[in-house]
Amino acid sequence: MLAISARIELAPKDAASYIASAQKIIAPTRAESGCQLYSIGVDISLSNVIWITEQWESESALMAHLITPHIAEFIRFCGTVEITDMSIVKYDVSAAGPLVLPEN
């Protein structure tokens with residue numbers, strides 16, 4: 001399984017249009033084969049920072065996702081907004097399970 005964590009910082013003037021465009025890719029991405037989780041959210045402290053969290057069954061599923069028409073269109077859109085900082089990390093996950101919180 002692969003997990004992706006992305007942090008996108010936008011010029012404040014572009015945050016609303018980025019969010020509107022990003023909303024269009026959520027449903028088709030979630031319907032893709034191999035997509036286990038796909039979520040986009042706005043940072044509650046910085047309204048111009050977007051977090052993207054993804055979980056994919058395999059590398060091939062992720063690569064297939066990156067060339068879909070809806071993602072290609074979204075990437076083209078991203079070229080029209082001012083992204084001031086971006087960090088995308090891919091994790092290769094060998095095991096996953098619930099987090100058990102310690103008792104007080």
_Pair I4, V89 - check side chain to side chain contact (heavy atoms under 4.5 Å, CB included), show working._
CA-CA 6 Å; I4 309 294; V89 180; over 6 Å; no
_Steps toward side chain to side chain contact (heavy atoms under 4.5 Å, CB included) verdict (L2, V93)_ = CA-CA 6 Å; L2 298 176; V93 181; over 6 Å; no
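Looking at heavy atoms from C-beta onward, H65 lies in side-chain contact with W56 at the 4.5 angstrom threshold. Contact of the E57 side chain with the M1 side chain is not registered, since no non-hydrogen atoms from C-beta on lie closer than 4.5 Å. In this structure, the side chains of I25 and I71 come closer than 4.5 Å at one or more pairs of heavy atoms. H70 places none of its side-chain heavy atoms less than 4.5 Å from the side chain of K24. Counting only heavy atoms from C-beta outward, the side chains of V81 and S17 approach each other to under 4.5 Å.
Put simply, the side chain of S39 never gets that close to the backbone of T53: no donor and acceptor are under 3.5 Å apart. With hydrogens and angles disregarded, no donor-acceptor distance shorter than 3.5 Å links the side chain of N48 to the backbone of A11. Within the 3.5 Å criterion, the main-chain N or O of Y38 finds a donor-acceptor partner in the side chain of R30.
Annotation for V49: hydrophobic cluster partners, listed by chain and number, are L46, W51 (ILVMFWY side-chain heavy atoms under 4.5 Å, direct or chained).
Separating the OG1 atom in T84 from the CG atom in L10 is a distance of 6.5 Å, to the nearest 0.5 Å. One finds the SG atom of C78 at 8.0 Å from the CE atom of M86 (value rounded to the nearest 0.5 Å). Note that CG of L62 and CD of E54 are 6.5 Å apart. Values are rounded to the nearest 0.5 Å. Within the model, atoms CD1 of I50 and CD1 of I19 stand 4.0 Å from one another, a figure rounded to the nearest 0.5 Å. Atom-to-atom distance recorded for I52:CD1 and T29:OG1 is 9.5 Å, nearest 0.5 angstrom.
Under the 4.5 Å side-chain heavy-atom criterion for grouping Ile, Leu, Val, Met, Phe, Trp and Tyr, I8 is connected to L66 within one hydrophobic cluster. Under the 4.5 Å side-chain heavy-atom criterion for grouping Ile, Leu, Val, Met, Phe, Trp and Tyr, I75 is connected to I83 within one hydrophobic cluster. Grouping the Ile, Leu, Val, Met, Phe, Trp and Tyr side chains by contacts below 4.5 angstrom, directly or via other members, places I88 with F77.
By the 6.0 Å contact criterion, CD1 on I44 is open, its count of non-hydrogen atoms from other residues, nucleotides or ligands being 12 or less.
Qualifying ring pair (Phe, Tyr, Trp, His ring centres under 6.0 Å) partners for F74, counting only residues two or more places apart in sequence or in other chains: Y18. Qualifying salt bridge (Lys or Arg N to Asp or Glu O under 4.0 Å) partners for E59, counting only residues two or more places apart in sequence or in other chains: K90.
Closest approach of A61 to S33, counting heavy atoms only: CB-O, 3.9 Å. Nearest heavy-atom pair across A15 and S47 is CB-O, 3.9 Å.
In this structure, D43 does not pair ionically with R7, as no charged nitrogen and carboxylate oxygen lie closer than 4.0 Å.
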